[in-house]
Amino acid sequence: MQRITRTNKTRDFHQAKWNEPIIFELHQPGEKGVELPPVNKEVALAVGDGISVIPEAMQRKGRLGLPEIGQARVLRHYVRLSQETLGSDFNVEIGQGTCTMKYIPKINELLIRDPKMMELHPLQNEETVQGMLEIFHKLDLCMREISGMDCFSFQPGSGTQALFAMASIVRKYHESRGEGDQRNEIITTIFSHPSQAATAAVKGYKIITLHPDEDGFPDIDKLKAAVSERTAGFVVANPEDTGIFNPRIKEFTDIVHQAGGLCFYDQANANGLLGITRAKEAGFDMCFFNLHKTFAAPHMCGGPATGALGVIAKLKEFLPAPIVEHRDGKYSLQYDLEQSIGKVRSFHGVAQTVLRAYAWIRALGAEGLKEVAKIAVLNNNYMYHKVLAIRGASAPYVKGHRLEQVRYSWEQMTKETGVTTEDVTRRMTDFGLHYWTSHHPYIVKQPFTLEPTESYSKEDLDEYIHALEQISKEAYENPEIVKSAPHNSTIHKMDEQDFLDHPDKWCITWRSYLKKTAVVEAAK
Amino acid sequence: MTQKVHPYIPNMVPKVQEEMLKVIGAKNIMELYSCIPDELKLKENMNIPPALTEYELRRHIEGILNKNTSTKEYLNFLGAGCWQHFIPAVCDEINQRSEFLTAYAGEPYEDHGRFHALFEYQSLVAELVDMDVVNVPTFDWGQAAATSIRMAARITGKKKVLLTKTTAPERRDIIINYGTPDLQFEFVHFDVKTGAMDLKDLKAKLTEDVAALYFENPSYLGFIEEQGPEISKLLKGNQSLMVVGVDPISLGVMAPPSHYGADIICGDLQPLGMHMNFSGGQAGFIATRDEVKFVQEFPSRLFGIVPTVKEGEYGFGDVYYDRTSFALREEGKESVGTQTALWGITAGVYLALLGPDGMYEVGQAIMQNSQYAVQRLNQIPNITGSCLNSPFFKEFVVDFNHTGLSVEELNKRLLEKKIFGGKDLSNEFPEFGQSALYCVTEVHTKEDIDHLVQSIKEVIEK
């Protein structure tokens, strides 16, 4: 036997390609995917067919157009589709900056599948869900320590919904003081998540967006000019999506408070801050954390998730109801919150994710949480140095260290080679890696945002860096390979034309596809 | 003693840290935090208990969870927005797949399967509701209704919204908070004998400025609203839209709202393959016709099918992305972000497994079992199995006013008999006095129902 030589710096990869049909094409009349529990004969005898009581106009006429498929074929179809999906269990998931893609502990997934969690109805008598309420309460206590806030609600189903809940609280708070109509502006920054501006607009606010100064910091003079008796609130991430921490944040919150506004903190970028610095000391009245980001709950293709919403004591009565209280050894649901905004999500929110976050915190302890932050920052700064050494890459704004992520730019490479950040996205797929550009608008030209988290080893980081180096090299030497990528993916480059943006051409469902393509076929 | 390396944090290894710091040109990690002023740095340690090993953690969490009693141990008749249904094992198998569980926002190339599965989910739900456009799911029914209503307001350019008084109270709270301050809400009365919408009151409130009417069918109280066609006629005459919330598991036997004039349909996917999870199984959907005026108002992502440069391959991407807040921030339609995509995939698996016959059978089984329960409850003196005398789907209002017991007391005693009784409606709907909303589905056997009836009898007679 001879030694097998493995010299590739980048991974010799090919994504699964099953070329699966659309599920409707698997239709085989008469096949069946599952059998339902039978109806007892005596029941049927007592009530008849059960459905003729439905008034005529409310009866379903005709057969549903769903496919008929045997169980094994349904399973195989979806397992194959899962294989064509690059979850974070499979790749060095550094490329989805701002989203804190970290290791998802398997023990937590095992715990949430306990029937004593999975099979609980949200309206059960409190006596029968004491364990669940205990977990909500204990996570609340941990989150208070992490943030300095006084009470948490886990009802919001994502960061966006937590932002919406905070904007709702801002409105209700000012209304309770008779200033609801007068205070109609919310101030945010351009490097904060789009949802900050979008959710505040849903609550009827005029949005004032601050652009950065030349070093990339939110501009304090612009804030001073923006605040007035119309200011309802100020919402910001810190660090922003650039990974730049605003050291003058306390001055910002002071300015807004002096103008009578509330300050709320988007802590989607909290992974480098655990045990280091908190919302309270920076002067915030509210904050939220994504349990599916910083606290290691999985992202599940985009939810279900939790935006854990914390407030200072004076805003507790505004929270969406119910919250969990602990008194005399008993846990209870408190619905009676005098100024509550009502509800943002049904019942108690996504309980599985609450359990996952609690389990993750307990697996780390106070010291471990601080290690998470420190290593996330170490990993990021290591990458930062390595990426800046790649031809054509840069990171605009202030020099020096960044926190847990960096917004980079390929502007120079695009100018010199024509290869864009979108091209890089597709080419990274060929190496078994995910890479994301950035949220719009592209203030940083040809952007990409990397967030290596604490989960990856130096070797993992090097693999990602090598892939970027390889693509830069290709861009300068053989740009076509990048522009025509992907080459090792499930599918080839899409022929988008205006298939996604023209009403006559877009097909959002299979039935719509069949109708619209029938017209085209008939015209041939 | 050197610090232990945590299994989740590989770069705690001191030698590796040294190498990395050398590359960075820093002496230690805290130097990287020089951007944070000292006065903002946390001085004390967080009061969080020390780390547990995996085994200790498992013991700790299981110890806490053991204080719960689940619907596997007790017989459950609670519904009211979260329902117990049969869940095929394949649904769990697919949504526990590590690829789907840990994927997020990948591109259509590395996450082709995620796009493909969600396009199929859209397509399968489209068959249920008989409409051509379905979104990637939103948080829950309440949010789906709230967004459907805001869409209707934008489409019509009007600000007043009518809701039936029988709208689920939780959903009503979500809708109102989401619509405030832009929209004004008014409530349409219902007939307390049947639950049906009071059309006279609807006519009176249907002023020119009404953007939409929202009602649920089957309703929160379980009854079937049969006046759909008449309601639709009234709305069309007023250039107002009809938004209908629906329980998708009813649609194998009940007409989809599109058949009686709905412009926008919304509802909760939880019955289609999601465990109750103490309310973590909720997921909302929205469906419309394929018309620009509707499509352009969706805040959600909508996945569409496209060709690739290679013949024979399906590709997928975002339809009309430039309407979203991802593209336009506050100028986009409401907001978009993480919602409940995994439950969308699961609902697709559920519908693919059940097929047309399964959806018909499950609807029929639910109706037979629930009617049987009402029939049996009616045999108990002083109880009315369903105090609304209209047909119902899986939920019904049981009238306990003549038992001399409050629902609270009765439910306490049922609990002693290992039964979760129906939801106490005395606060939400005082017009029904001491009544409870019971839910019976395909999971309840004749023995389960007989046991409930016998237990209620014993409690009342005691």
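Here is how names work: the chains are called A, B, and so on, in the same order as the sequence lines, proteins then strands, and each is numbered from 1. What you see is a predicted model; the values in this text were computed from it and never measured.
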Residue among B:V16, B:N217, B:L124, B:V306 with most heavy-atom pairs under 4.5 Å to chain A: B:L124
Chain B contact via A:T209 - which portion, at a heavy-atom distance below 4.5 Å: side chain
Ionic contact status for A:E134 with B:K67, cut-off 4.0 Å: yes
Any side-chain heavy-atom pair of B:D290 and A:K515 under 4.5 Å: no
Part of B:Q96 within contact of chain A (heavy atom distance under 4.5 Å): both
Which portion of A:D495 sits near chain B, non-hydrogen atoms under 4.5 angstrom: both
Which atoms of B:P50 approach chain A - backbone, side chain, both or neither, heavy atom under 4.5 Å: backbone
Proximity breakdown for B:F420 and chain A, heavy-atom pairs closer than 4.5 Å: side chain
Option in A:G349, A:G302, A:P247, A:G365 with maximal non-hydrogen atom pairs under 4.5 Å from chain B: A:G302
Region of A:Y78 that comes under 4.5 Å of a non-hydrogen atom in chain B: both
Greatest number of heavy atom pairs closer than 4.5 Å to chain B - which of A:T85, A:L64, A:I69: A:T85
Which portion of A:Q124 sits near chain B, non-hydrogen atoms under 4.5 angstrom: both
Closest-packed option against chain A by number of heavy-atom pairs under 4.5 Å, given B:L101, B:V309, B:D173: B:L101
Per-residue contact mode, B:L351 against chain A (heavy atom under 4.5 angstrom): both
Flag if over 12 foreign heavy atoms under 6.0 Å of CD, A:Q130: yes
Residue part contacting chain A, namely of B:S34, when any heavy atom lies under 4.5 Å: side chain
Nearest-0.5 Å distance, CG of residue B:N11 to NZ of residue A:K458: 9.0 Å
Winner by heavy-atom pair count (cut-off under 4.5 Å) against chain A, out of B:P229, B:A105, B:A283, B:S335: B:A105
Portion of B:E93 that has a non-hydrogen atom of chain A nearer than 4.5 angstrom: side chain
Chain B contacts, top residue of A:K374, A:K386, A:E281 (heavy-atom pairs, under 4.5 Å): A:K374
Verdict with supporting geometry, A:L120 and A:T128, side-chain contact (heavy atoms from CB on, under 4.5 Å): CA-CA 9 Å; A:L120 294 181; A:T128 67; over 6 Å; no
Validation row: A:E371, A:L364 side chains within 4.5 angstrom (heavy atoms): no
Contacting region of B:A117 [heavy-atom separation from chain A under 4.5 Å]: both
Derivation and outcome, side chain to side chain donor-acceptor pair (under 3.5 Å), residues B:Y178 and B:E334: CA-CA 10 Å; B:Y178 198 72; B:E334 302 170 39; 2.8 Å; yes
Chain B contact via A:H439 - side chain, backbone, both or neither, heavy atoms under 4.5 Å: side chain
Which of B:I36, B:V90, B:L128 touches chain A most, by non-hydrogen pairs under 4.5 Å: B:I36
Heavy-atom pair of closest approach, residues B:V134 and A:T509: N-CG2, 4.3 Å
Residue part contacting chain B, namely of A:E454, when any heavy atom lies under 4.5 Å: both
A:Y382, part contacting chain B, at a heavy-atom distance under 4.5 Å: both
Per-residue contact mode, B:V336 against chain A (heavy atom under 4.5 angstrom): backbone
Those residues that, when tested against A:A305, pass side chain to side chain contact (heavy atoms under 4.5 Å, CB included) (two or more places apart): A:H292, B:T338
Ion pair check, B:E127 and A:R511, cut-off under 4.0 Å: yes
A:H385, part contacting chain B, at a heavy-atom distance under 4.5 Å: side chain
Contact leader toward chain A among B:E442, B:K41, B:H6, where contacts are heavy-atom pairs under 4.5 Å: B:H6
B:L415 portion near chain A, given a 4.5 angstrom heavy-atom threshold: side chain
Under 4.5 Å from a heavy atom of chain B, the part of A:Y456 involved: backbone
Nearest atoms (heavy-atom pairs only) where A:F90 meets B:S98: CE1-OG, 3.5 Å
Top of A:V344, A:I104, A:V350 for chain B proximity - count of heavy-atom pairs under 4.5 angstrom: A:V344
Which portion of A:V74 sits near chain B, non-hydrogen atoms under 4.5 angstrom: side chain
Heavy atoms from other residues, nucleotides or ligands near OH of B:Y314 exceed 12 (cutoff 6.0 Å): yes
Other residues, nucleotides, ligands: >12 heavy atoms within 6.0 Å of B:D182 CG: yes
Step-by-step side chain to side chain donor-acceptor pair (under 3.5 Å) determination, A:S489 to A:Q15: CA-CA 5 Å; A:S489 166; A:Q15 174 75 311; 6.0 Å; no
Exceeds 12 heavy-atom contacts within 6.0 angstrom, atom CD of B:E62: yes
Contacting region of A:D114 [heavy-atom separation from chain B under 4.5 Å]: side chain
Evaluation steps, side-chain contact (heavy atoms from CB on, under 4.5 Å), between B:F303 and B:V319: CA-CA 6 Å; B:F303 291 160; B:V319 167; over 6 Å; no
Top of A:A363, A:S455, A:G157, A:G400 for chain B proximity - count of heavy-atom pairs under 4.5 angstrom: A:A363
Leading residue by heavy atom contact count with chain B [cutoff under 4.5 Å; candidates A:Q96, A:K203, A:E20]: A:K203
Side chain, backbone, both or neither of A:S88 within contact of chain B (heavy atoms, under 4.5 Å): both
Which atoms of A:L403 approach chain B - backbone, side chain, both or neither, heavy atom under 4.5 Å: side chain
Contact origin within B:V362 toward chain A - heavy atom pairs under 4.5 Å: both
Carboxylate-amine/guanidinium proximity below 4.0 Å for B:K72 and A:E119: no
Proximity breakdown for A:I249 and chain B, heavy-atom pairs closer than 4.5 Å: side chain
Within 6.0 Å of CZ in A:R80, more than 12 heavy atoms from elsewhere: yes
Toward chain A, the part of B:L40 with a non-hydrogen atom under 4.5 Å: both
Option that, when pairs with chain A are counted at under 4.5 Å, heavy atom only, ranks first among B:G252, B:G332, B:G337, B:G363: B:G252
Residues which pass side chain to side chain contact (heavy atoms under 4.5 Å, CB included) with A:I51, listed by chain and number, not counting sequence neighbours: A:D49, A:I54, B:V253, B:Y360, B:Q364, B:M367
Residues B:E313 and A:H492: side-chain donor-acceptor under 3.5 angstrom: yes
